[in-house]
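Each ligand, and each atom within it, is numbered from 1 in the order the structure gives. Remember, it's a predicted structure, so these values are computed and weren't measured experimentally.
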Amino acid sequence: MAAFIESKQSGGGSSRMYTYDTLQEIATYLLERTELRPKVGIICGSGLGTLAEQLTDVDSFDYETIPHFPVSTVAGHVGRLVFGYLAGVPVMCMQGRFHHYEGYPLAKCAMPVRVMHLIGCTHLIATNAAGGANPKYRVGDIMLIKDHINLMGFAGNNPLQGPNDERFGPRFFGMANTYDPKLNQQAKVIARQIGIENELREGVYTCLGGPNFETVAEVKMLSMLGVDAIGMSTVHEIITARHCGMTCFAFSLITNMCTMSYEEEEEHCHDSIVGVGKNREKTLGEFVSRIVKHIHYEAKK
Ligand SMILES: O=P(O)(O)O[C@@H]1C[C@H](O)[C@@H](CO)O1
């Protein structure tokens with residue numbers, strides 16, 4: 001088993017293994033085993049996987065059983081792709097994502113987004129657990145992502161590195177308004193409808209490589225750069241989704257406040273981060289269901 005996981009993790013050592021044909025093979029494998037044809041793909045962050053448990057009439061696939069798929073190695077990431085209905089709308093949901101710190105290249109972490117695209121998803125909803133770097137935030141807040149800073153990209157690490165396949169999208173492309181402003185507007189309306197407007201924020205997310213949490217100096221620096229929440233995912237998934245023309249919506253559940261001074265006891269640990277997700281599962285389920293319903297009915301207009 002260990003050797004099997006290792007082979008899945010190494011992926012041949014190159015992100016170039018995910019050619020168009022390989023990704024099409026994965027999509028076909030799934031499409032031949034489910035009758036659902038989702039237009040919305042959802043990625044569940046740490047502690048947010050219970051969202052997938054709300055789906056009805058499901059067809060689910062353990063990552064181990066899907067050809068060319070990596071495996072999830074992080075607690076709180078079940079490692080299953082679930083097709084089903086959320087609020088009556090067909091969706092596909094990653095119950096567990098892949099992170100760079102697990103040993104996967106960014107292209108591999110983001111690969112399922114291209115599979116979603118080939119399956120027919122026009123929209124991506126990415127969720128994550130993140131630390132609050134904005135001192136006004138509170139644990140349990142939901143931060144709509146309005147923009148990100150691709151710090152790993154600054155260091156030359158990008159999921160789209162390597163030859164570009166125009167069938168996915170152009171070599172060069174812009175990132176303005178990647179996080180759909182209309183969906184963020186609607187999310188604010190939904191937050192009012194379900195009574196969580198006081199816990200809703202909108203801000204800038206950044207992804208660090210992890211797996212360690214940030215030093216006080218790093219948090220100070222990122223905060224000065226305009227970062228409101230710090231995590232270890234999402235950015236490369238969103239870049240990949242944008243590249244292939246998907247509409248993106250993403251939010252962070254603020255599961256801890258980043259350590260901002262040397263006097264503070266650092267309290268955050270993965271278990272408590274997952275625990276915050278669990279505590280918010282009902283609210284987040286309602287929130288995401290309504291977003292999905294909105295996307296579905298807007299598409300029908
Ligand atoms: O998958 P996400 O980004 O929600 O996971 C966050 C970042 C780390 O993987 C983990 C730290 O507890 O949660």
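- Which parts of ligand 1 touch N128 is read off a 4.0 Å heavy-atom cut-off, strictly below it: atoms 3 (O), 4 (O).
- Taking every non-hydrogen atom of H99 and a distance limit under 4.0 Å, the qualifying atoms of ligand 1 come out as 1 (O), 2 (P), 5 (O), 9 (O).
- Between the side chains of E281 and Q54, no donor-acceptor pair is found at a separation under 3.5 Å.
- Counting the atoms of ligand 1 from 1 in the order shown, those under 4.0 Å from a heavy atom of Y101 are 8 (C), 9 (O).
- Nearest non-hydrogen protein atom to atom 7 (C) of ligand 1 is M232 CB, 3.7 Å.
- Checked against a 3.5 angstrom limit, the closest N/O atoms of A129 and ligand 1 fall inside it.
- Only one option out of T206, I239, T178 pairs with H148 in a side-chain contact (heavy atoms from CB on, under 4.5 Å); it is I239.
- Counting only heavy atoms of the protein, atom 3 (O) of ligand 1 lies nearest to S233 OG, 2.6 Å.
- Between R138 and E199, none of the side-chain N atoms (NZ, or NE/NH1/NH2) sits under 4.0 Å from a carboxylate O, so this pair counts as no salt bridge.
- Taking the ring centroids of H268 and F213, they lie under the 6.0 Å cut-off.
- Atom numbering of ligand 1 starts at 1 in the shown order; those under 4.0 Å from a heavy atom of R97 are 1 (O), 2 (P), 3 (O), 4 (O).
- Counting atoms of ligand 1 from 1 in the listed order, those under 4.0 Å from a heavy atom of H270 are 10 (C), 11 (C), 12 (O).
- Although no hydrogens or angles enter the test, the distance criterion places a donor-acceptor pair under 3.5 Å between the side chain of E102 and the main chain of T73.
- For the pair R114 and F168, the distance from NZ or CZ to the six-membered ring centre is under 6.0 Å and the angle to the ring normal is within 45 degrees.
- The nearest protein atom to atom 6 (C) of ligand 1, hydrogens excluded, is given as S46 OG, 3.4 Å; this is a heavy-atom distance.
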(request) Might you work through the ring-ring contact (aromatic ring centres under 6.0 Å, His included) test for F69 and F61, ending with a clear yes or no? (result) CA-CA 11 Å; F69 240 66; F61 303 87; 9.7 Å; no

